[in-house]
K.L.:
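The structure is given below, and queries will be raised subsequently.
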Amino acid sequence: MNVLVGILMLAAAIAVVTRMPFVPYNIRELPNPYHPLIAPVLLAIFVFWVFGMPAVAARWLTLAKNRGVAFPLLVAGHGLIGWTVLQFAVLPESIHDVIGSPVLHWPWQTEYIARFLPLLSVLSVQLAGGALIVAAITGYRVGAAPVWWLVSAAVLFPVQYWVIVTQAATDNLRELVAANASVGACLLLSSYLMLVGVAGSLLASLRTGTSPGRALVALAALVISLPLGYLLLDAGTEAVINYEQKVFSALQFLLSTDRAHYAIGPELWLRYAALHLAAVGMTALTQYPLWTGFHAQSSRQRRRKMP
């Protein structure tokens with residue numbers, strides 16, 4: 001029931017936010033205009049699936065033991081379901097802007113899927129890593145889960161980079177990443193996603209305990225994540241882009257209202273802060289109902305220790 005209420009609340013928020021004129025145009029254009037009522041709901045389901053399920057995957061890793069080797073398959077399944085929901089929630093053009101139009105002439109939508117899964121897997125892996133970090137620092141027994149996560153991340157990263165950067169069907173993403181989409185810049189952006197995951201999972205974990213100490217730690221992590229996240233994004237994205245006799249940064253391109261009015265100075269930082277807090281908030285909102293599993297697992301472990 002908590003998840004259903006959260007989806008409906010988020011759908012209402014999406015319907016309102018995407019109609020606000022000061023919101024970046026690439027966000028305003030997300031909901032499929034041919035399905036104005038169902039599109040916000042589908043986008044909300046997509047957000048809950050993408051940001052929430054990594055917490056479930058992290059908990060599965062803590063219980064999987066040697067089955068943790070299958071974590072990449074879990075990530076792939078996460079991406080496939082995400083793709084299924086997203087293609088009905090937004091126009092194809094919105095997906096093409098990110099992954100590019102098909103160039104390999106594969107049958108059906110296989111090329112779209114093959115390009116989308118590695119891209120979404122970056123978010124899946126980093127958010128699951130953030131949830132694991134929070135589980136460890138808040139006292140849950142994680143066992144060998146961090147090892148399996150590290151192995152999986154190390155195996156998946158070359159595949160992700162090869163598909164997203166080396167074999168990209170569009171330059172839309174590559175041009176936004178610093179140093180011609182170098183490995184180092186991509187790692188900085190991945191670190192930013194993990195930072196979002198840690199801050200969001202810390203807030204979500206308050207469901208299982210609301211002591212003043214834990215609340216202060218979660219609040220401190222949120223505050224620290226703002227400047228640290230900006231530094232990671234600023235270092236990982238291109239500072240100078242020349243396009244149609246205009247010069248702007250990747251952050252200006254992503255955060256400005258439109259291409260005729262690029263945000264600068266304090267306005268740019270405030271727009272970043274709003275987007276960052278929204279990302280952390282979505283992580284917390286979607287994972288909040290799911291941290292009950294970690295709490296139940298921890299309670300069983302404590303009972304086993306009792307004489």
K.L.:
Any sub-3.5 Å donor-acceptor pair from Asn32's side-chain atoms to Ala89's backbone N or O?
P.N.:
no

K.L.:
What's the separation between atom SG in Cys186 and atom CD1 in Ile164, rounded to the nearest 0.5 Å?
P.N.:
7.5 Å

K.L.:
Would you give the length of the straight line joining atom CD1 of Ile7 to atom CG of Leu42, rounded to the nearest 0.5 angstrom?
P.N.:
10.0 Å

K.L.:
Is it the case that the side chain of Arg214 and the backbone of Ser205 share a donor-acceptor pair, with hydrogens and angles ignored and the cut-off at 3.5 Å?
P.N.:
yes

K.L.:
Give a yes or no answer on whether the side chain of Thr62 reaches the backbone of Arg59 with a donor-acceptor pair at less than 3.5 Å.
P.N.:
yes

K.L.:
Under a single-linkage definition using a 4.5 Å side-chain heavy-atom cutoff for Ile, Leu, Val, Met, Phe, Trp and Tyr, are Val183 and Val177 assigned to the same hydrophobic cluster?
P.N.:
yes

K.L.:
Spell out, as yes or no, whether a donor-acceptor pair under 3.5 Å connects the side chain of Arg115 to the backbone of Gln167.
P.N.:
yes

K.L.:
Could you grab the distance from atom OG1 of Thr84 to atom CD1 of Ile45, nearest 0.5 Å is fine?
P.N.:
12.0 Å

K.L.:
Keeping to residues at least two apart or across chains, list the ring-ring contact (aromatic ring centres under 6.0 Å, His included) pairs with something in residues 167-200.
P.N.:
Tyr192-His276

K.L.:
Can you give me the closest heavy-atom contact between Ala55 and Ala131, atom names plus distance?
P.N.:
CA-CB, 4.1 Å

K.L.:
First locate atom CE of Met194, then atom OG of Ser201, and finally report the distance between them rounded to the nearest 0.5 Å.
P.N.:
10.0 Å

K.L.:
Keeping the roles fixed (side chain from Ser249, backbone from Gln252), state whether a donor-acceptor pair exists under 3.5 Å.
P.N.:
yes

K.L.:
What are the two closest heavy atoms between Thr170 and Ile99, and how far apart are they?
P.N.:
CG2-C, 3.8 Å

K.L.:
Keeping Arg28 on the side-chain end and Val23 on the backbone end, is there a donor-acceptor pair under 3.5 Å?
P.N.:
yes

K.L.:
Clusters formed by hydrophobic residues whose side-chain heavy atoms approach within less than 4.5 Å: which one holds Leu231, and what are its other members?
P.N.:
none

K.L.:
Does any part of the side chain of Val134, heavy atoms only, come nearer than 4.5 Å to the side chain of Trp291, both counted from C-beta?
P.N.:
yes

K.L.:
Between side-chain atoms of residues 261-269 and protein atoms elsewhere (two or more places apart, or another chain), which donor-acceptor pairs fall under 3.5 Å?
P.N.:
residue : atom : partner : partner atom : Å
His261  : ND1  : Asp258  : OD1          : 2.8
His261  : ND1  : Asp258  : OD2          : 3.4
Tyr262  : OH   : Arg259  : NE           : 3.4
Glu267  : OE2  : Arg271  : NE           : 3.2

K.L.:
Locate the shortest heavy-atom distance separating Ile14 from Ala44; write the atom from each residue and the value.
P.N.:
CD1-N, 3.8 Å

K.L.:
On a heavy-atom basis, which atom in Ala284 and which in Ala204 lie closest, and how many Å separate them?
P.N.:
O-CB, 3.7 Å

K.L.:
According to the ring-ring contact (aromatic ring centres under 6.0 Å, His included) rule, which pairs have a member within residues 155-187, sequence neighbours left out?
P.N.:
none

K.L.:
Working to the nearest 0.5 angstrom, can you tell me the gap between Ser152 OG and Leu74 CG?
P.N.:
9.5 Å

K.L.:
Val240: which other cluster members, linking ILVMFWY side chains closer than 4.5 Å, directly or transitively?
P.N.:
Val247

K.L.:
Would you list the pairs meeting ring-ring contact (aromatic ring centres under 6.0 Å, His included) in which at least one residue belongs to residues 21-54, sequence neighbours left out?
P.N.:
Trp49-His78

K.L.:
Stepwise, does the side-chain contact (heavy atoms from CB on, under 4.5 Å) test hold for Leu176 with Thr237?
P.N.:
CA-CA 6 Å; Leu176 298 176; Thr237 56; 5.7 Å; no

K.L.:
Working to the nearest 0.5 Å, report the span between CG of Leu189 and CG of Leu173.
P.N.:
10.0 Å

K.L.:
Which pairs with one or both residues in residues 79-105 pass ring-ring contact (aromatic ring centres under 6.0 Å, His included), sequence neighbours excluded?
P.N.:
Trp83-Phe116, His96-Tyr112

K.L.:
Knowing that exactly one of Val125, Val165, Leu119 qualifies, which makes a side-chain contact (heavy atoms from CB on, under 4.5 Å) with Gln160?
P.N.:
Val125

K.L.:
For Gly236 versus Ala185, what's the shortest heavy-atom pair and its separation?
P.N.:
O-CB, 3.7 Å

K.L.:
For Glu238, check salt bridge (Lys or Arg N to Asp or Glu O under 4.0 Å) against everything at least two apart and list the hits.
P.N.:
none

K.L.:
Is there a path of hydrophobic side-chain contacts, each under 4.5 Å between heavy atoms of I/L/V/M/F/W/Y residues, joining Leu43 to Leu275?
P.N.:
yes

K.L.:
side-chain contact (heavy atoms from CB on, under 4.5 Å), that's the test. Do Tyr140 and Thr138 meet it? Break it down for me.
P.N.:
CA-CA 6 Å; Tyr140 298 108; Thr138 52; 3.3 Å; yes

K.L.:
Give me each pair satisfying salt bridge (charged side-chain N to carboxylate O under 4.0 Å, His left out) with a member in residues 158-174, each pair once, sequence neighbours excluded.
P.N.:
Asp171-Arg174

K.L.:
Which residue in the set Leu251, Leu233, Leu277, Leu254 passes side-chain contact (heavy atoms from CB on, under 4.5 Å) when paired with Tyr272?
P.N.:
Leu233

K.L.:
Name all residues meeting the ring-ring contact (aromatic ring centres under 6.0 Å, His included) criterion together with Trp148; count only those two or more places apart in sequence or in a different chain, and write none if there are none.
P.N.:
none

K.L.:
Do side-chain atoms of Thr286 reach the backbone of Thr283 as a donor and acceptor pair under 3.5 angstrom?
P.N.:
yes

K.L.:
Considering only Ile, Leu, Val, Met, Phe, Trp and Tyr, and joining two whenever side-chain heavy atoms are under 4.5 Å apart, list the other residues clustered with Trp106.
P.N.:
Val103, Leu104

K.L.:
Please check if Leu80 and Leu86 belong to a single hydrophobic cluster, counting links between Ile, Leu, Val, Met, Phe, Trp and Tyr side chain heavy atoms closer than 4.5 Å.
P.N.:
yes

K.L.:
Test of understanding: clusters of I, L, V, M, F, W, Y form through side-chain heavy atoms closer than 4.5 Å, transitively. Do Val98 and Ile95 belong to the same one?
P.N.:
yes

K.L.:
According to a hydrophobic-cluster definition based on side-chain heavy atoms being under 4.5 Å apart (Ile, Leu, Val, Met, Phe, Trp, Tyr only), do Leu285 and Leu219 belong together?
P.N.:
no

K.L.:
Yes or no on side-chain contact (heavy atoms from CB on, under 4.5 Å) for Gln87 and Gln109, after CA distance, side-chain angles and deciding distance?
P.N.:
CA-CA 11 Å; Gln87 68 171 332; Gln109 301 188 47; 3.0 Å; yes

K.L.:
Is the shortest heavy-atom distance from the side chain of Leu195 to the side chain of Leu232 under 4.5 Å?
P.N.:
yes

K.L.:
Got a sec, which residues hit side chain to side chain contact (heavy atoms under 4.5 Å, CB included) with Ser190, two or more places apart in sequence or on another chain?
P.N.:
Val122, Gln126

K.L.:
Is the backbone N or O of Val90 less than 3.5 Å from a side-chain atom of Ser94, with the two atoms forming a donor-acceptor pair by type?
P.N.:
no

K.L.:
How close do Ala135 and Val142 get, counting heavy atoms only, and between which atoms?
P.N.:
CB-CG1, 4.0 Å

